[in-house]
J.: 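One structure is given below, represented as structure tokens, and several questions about it will come after.
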Amino acid sequence: MMSNSFVNVHAAEETGDEAKRYFVLGERIERRLRIRGNWLNLFDVTVPSGSRTPKHAHASPEVFRVLEGCLTIWRLTDNGPEEIEAGAGDIVAIPPFMVHGYFNRRTVPVVFSAVVDRDMAEFIEAEGATEPPKASPSA
């Protein structure tokens, strides 16, 4: 019989690293876990009201799990454009090279966890600021 329980391990305990916080396009992104052997990473992303990530694609897959709020996710599938309203508990997979983006249409922040590979984690770490922006990013 499999258990539904899990152990809450903090990034610093698992990897010896401090939990890292970055700011990208006005969003707060916190690394929660890095598994070095596989280089899988878990980030919690807070998307302010009205914030969006532009449509883009990359070689790495992503998996989003919404923790709080409602996130509108747009992706271009083989059947054409698709818009998903993902709420707390919903999981959305983004395959490699799929054009996608997301938007917070609500008046409260959205929080979601993102499972990403080494390349995406390195991008976040290289491009992210360590201090919050003084103003909202422009459209």
J.: Taking C-beta and beyond as the side chain, do Lys55 and His100 meet within less than 4.5 Å on heavy atoms?
T.: no

J.: Does the side chain of Val47 come within less than 4.5 Å of Thr53's, by heavy atoms?
T.: no

J.: So which heavy atom on Glu85 is nearest to which on Thr72, and how close?
T.: OE2-OG1, 2.7 Å

J.: So, do Phe64 and Ile94 sit near enough that their side-chain heavy atoms are less than 4.5 Å apart?
T.: yes

J.: So, taking the atom named CG in Leu67 and the one named OG1 in Thr46, what distance separates them when rounded to the nearest 0.5 Å?
T.: 9.0 Å

J.: Just how far is it from atom SG of Cys70 to atom CZ of Phe103, taken to the nearest 0.5 Å?
T.: 11.5 Å

J.: Of all heavy-atom pairs between Leu76 and Pro81, which one has the smallest distance, and what is that distance?
T.: CD1-N, 3.6 Å

J.: Locate the shortest heavy-atom distance separating Ser49 from Val108; write the atom from each residue and the value.
T.: CB-N, 4.2 Å

J.: Would you please name every residue forming a side-chain hydrogen bond (donor to acceptor under 3.5 Å, both in side chains) with Asp44, sequence neighbours left out?
T.: Arg32, Ser113

J.: Tell me the closest heavy-atom pair linking Arg106 and Asn104, and the distance in Å.
T.: N-OD1, 2.9 Å

J.: Would you sort out whether Phe112 and Ile73 count as a side chain to side chain contact (heavy atoms under 4.5 Å, CB included), showing the intermediate values?
T.: CA-CA 12 Å; Phe112 69 93; Ile73 301 170; over 6 Å; no

J.: Is there a side-chain contact between Trp74 and Val99 in this structure, where contact means two heavy atoms from C-beta onward sitting under 4.5 Å apart?
T.: yes

J.: Which pair of heavy atoms, one from Leu42 and one from Val115, lies closest together, and at what distance?
T.: CD1-CG2, 3.9 Å

J.: Tell me the closest heavy-atom pair linking Pro96 and Ala59, and the distance in Å.
T.: CB-O, 3.1 Å

J.: Would you say the side chain of Thr77 lies within less than 4.5 Å of the side chain of Met98, judging by non-hydrogen atoms?
T.: yes

J.: Given side chains that start at C-beta, do those of Val63 and Ile91 come closer than 4.5 Å, heavy atoms only?
T.: yes

J.: Report the C-alpha separation of Arg75 and Ile84 in whole Å, then their side-chain angles, then the decisive distance to 0.1 Å, and conclude whether the side chain to side chain contact (heavy atoms under 4.5 Å, CB included) test is met.
T.: CA-CA 8 Å; Arg75 59 188 189 175; Ile84 301 164; 3.7 Å; yes

J.: From Phe97 CZ over to His58 NE2, what is the distance, rounded to the nearest 0.5 angstrom?
T.: 10.0 Å

J.: Is Glu83 salt-bridged to Arg105, going by a charged N under 4.0 Å from an acidic O?
T.: yes

